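Only one structure is covered here, and it is reproduced in the block below.
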Protein chains: 2
Amino acid sequence: MPVDRDHVLRSAAALLTRKSTATMDEVARAAGISRATLHRHFAGRDALVRALESLGIAECEAALDEARVDEGPAADAVRRLVVSIEPAAALLAFLYTENQLFEGEEQNAGWTRIDDRISALFRRGQESGAFRIDLTPAWLTEALYGLLASGAWAVMEGRVARKDFTFMITELLLGGALRREEP
Amino acid sequence: MPVDRDHVLRSAAALLTRKSTATMDEVARAAGISRATLHRHFAGRDALVRALESLGIAECEAALDEARVDEGPAADAVRRLVVSIEPAAALLAFLYTENQLFEGEEQNAGWTRIDDRISALFRRGQESGAFRIDLTPAWLTEALYGLLASGAWAVMEGRVARKDFTFMITELLLGGALRREEP
DNA sequence: CCCATGTGAGACATTCTTGTCTCATGCGCT
DNA sequence: AGCGCATGAGACAAGAATGTCTCACATGGG
């Protein structure tokens, strides 16, 4: 029976997120196929990572669409975005660190598009008066990536319950650790 | 002339933070020594990473000591901690992701000590009423690591100015993105 | 039923990295 | 000057991962 390309990619993502140095053979076994077949579908390890990158970009853009980040209060849009992006968080965590490897090469234009959309969301929140203006949109975007990765790892290692993932990230990102004054 | 072990470790940290798959040969060249000499001081790649881990733990504990995290308001202690830990942030970022590789093996006890001290700091802040209690100390600790790593990478790639590193991290971690109500 | 397609298993050469070794050189010290 | 010691350069073998290839087998469609 023909191989389910999507299933292979998701298996690879799950494995590589835990062990980023996994062998092509390990990736193949994790997907339940042989190394030869894996090679028939992805020319090499590099092509596999590129395919995972494309998958991650697609899921991010789908999450941005689904969360309708241009509508309503910016803070609510951020909450919706984190909810939508949660299923892809582990893959994102892998790609976030893997991207450090593509030193010389220019990064995939998809990331630029996503960065722009998320930055625009934070900028919109600043302009509406909801977000503070002394933290740059670029930094808020980076911080969101970092918190998503931290959250994904914390869940994987059992330090945070999966059901709390969204709450922990959105609350920290939006509200911070300090207690609010009672109004 | 004898090799400066500390200089080798710091060169290796700087290189491996950017390119975690760097060869022993690349590490040696980055430190300005030959591969043979690198091998005389560190039995192998594993030993090198372990030495970097020890260095990172030592710097973290030194930062915790220097910041006197047990004294004064917890929020100020967090600010002092970030300031003290900034020079080690890049090394921490590398180790934070590299730790994902030590799957089976138990992690170095030093990290447990550090986690405990930082968690205690957040717990102290909660008990004093300064920090909110709906975010667990464990998650706040993870989030601090994640933000330190994000910040280090953002600085390395020029998305955030180095002089803003401390401010961005402490302000986001403590205050969050939402604008405060004017008192 | 027969054929075509896609897969699994394994062999194979190649490349890269590692770990070890030897030898010559340079530097400091006596 | 002579000596000892650490280093640099390079050779070498062992191992791992990769990429390619062949062959046998199964499944599904004509």
Side-chain angles (χ1 to χ4, degrees), chain A residues 1-56 91 93-95 97-105 108, chain B residues 1-56 91 93-95 97-105 108:
Chain A
M1 58 189 157
V3 158
D4 178 354
R5 178 188 163 98
D6 191 70
H7 169 252
V8 173
L9 281 176
R10 290 185 190 284
S11 305
L15 173 60
L16 289 172
T17 301
R18 291 195 311 268
K19 186 181 177 187
S20 59
T21 60
T23 304
M24 290 293 277
D25 192 70
E26 294 176 288
V27 172
R29 288 179 193 284
I33 63 176
S34 72
R35 195 167 68 95
T37 303
L38 179 61
H39 238 279
R40 286 188 189 100
H41 288 267
F42 303 97
R45 183 191 191 73
D46 205 60
L48 177 64
V49 174
R50 297 293 181 176
L52 284 172
E53 190 177 30
S54 296
L55 178 63
L91 174 58
F94 164 66
L95 294 172
T97 61
E98 195 75 0
N99 267 345
Q100 313 299 328
L101 301 184
F102 302 155
E103 279 194 283
E105 324 165 28
N108 190 313
Chain B
M1 58 190 155
V3 158
D4 179 351
R5 178 187 163 100
D6 192 70
H7 169 252
V8 173
L9 282 176
R10 290 186 189 283
S11 304
L15 173 60
L16 290 172
T17 301
R18 292 195 310 268
K19 187 181 177 187
S20 60
T21 60
T23 305
M24 290 293 277
D25 192 70
E26 294 175 287
V27 172
R29 287 180 193 284
I33 63 176
S34 73
R35 193 167 70 93
T37 302
L38 178 62
H39 243 281
R40 286 188 190 103
H41 289 266
F42 303 97
R45 184 192 189 73
D46 204 59
L48 177 65
V49 174
R50 297 294 179 174
L52 285 171
E53 192 178 30
S54 295
L55 178 64
L91 174 57
F94 163 66
L95 294 173
T97 61
E98 193 75 3
N99 267 346
Q100 312 298 329
L101 300 184
F102 300 155
E103 281 193 280
E105 325 166 26
N108 190 312

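Order of the sequence lines fixes the chain letters, A, B, ..., with proteins taken first and strands second; residue numbering starts at 1 for each chain. Note that this is a predicted model, so its numbers are computed, not measured.
Between the side chain of A/H39 and the backbone N or O of A/A43, at least one donor-acceptor pair lies under 3.5 Å. Side chain of A/S20 to backbone of A/L16: no donor-acceptor contact under 3.5 angstrom is found.
A straight line from CD of A/E26 to P of D/dA16 spans 12 Å, rounded to a whole angstrom. Nucleotide C/dG6 holds its P atom 15 Å from the CG atom of A/D4, rounded to whole Å. Between B/R5 atom CZ and D/dA6 atom P there is a gap of 16 Å when expressed in whole angstrom units. The CG-P distance, from A/D25 to C/dG10, rounds to 11 Å in whole Å.
At C/dT17, none of the side-chain N or O atoms of B/R45 fall inside 4.0 Å of OP1 or OP2 (strictly under the cut-off).
Residues A/E53 and A/R50 are paired through a salt bridge, judged by an N-O separation under 4.0 Å between the basic side chain and the carboxylate.
Scanning residues 9-16 of chain A for heavy-atom distances under 4.0 Å to DNA chain C yields an empty list. Near-neighbour residues of DNA chain C inside residues 31-44 of chain A, defined by a heavy atom below 4.0 Å, number-ordered: A/G32, A/I33, A/S34, A/R35, A/A36, A/T37, A/R40, A/H41.
Contact check for B/L52 versus B/L91: side-chain heavy atoms found under the 4.5 Å cut-off.
Closest approach of B/L15 to B/A22, counting heavy atoms only: CD2-CB, 3.8 Å.
Atom CZ of A/R45 is surrounded by more than 12 heavy atoms from other residues, nucleotides or ligands within 6.0 Å.
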With side-chain contact (heavy atoms from CB on, under 4.5 Å) as the test, would you mind laying out the steps for A/L48 and A/L9 before giving the verdict? CA-CA 8 Å; A/L48 177 64; A/L9 281 176; 4.1 Å; yes

Could you check B/V8 against B/H41 for side-chain contact (heavy atoms from CB on, under 4.5 Å), going step by step and ending with a plain yes or no? CA-CA 10 Å; B/V8 173; B/H41 289 266; over 6 Å; no

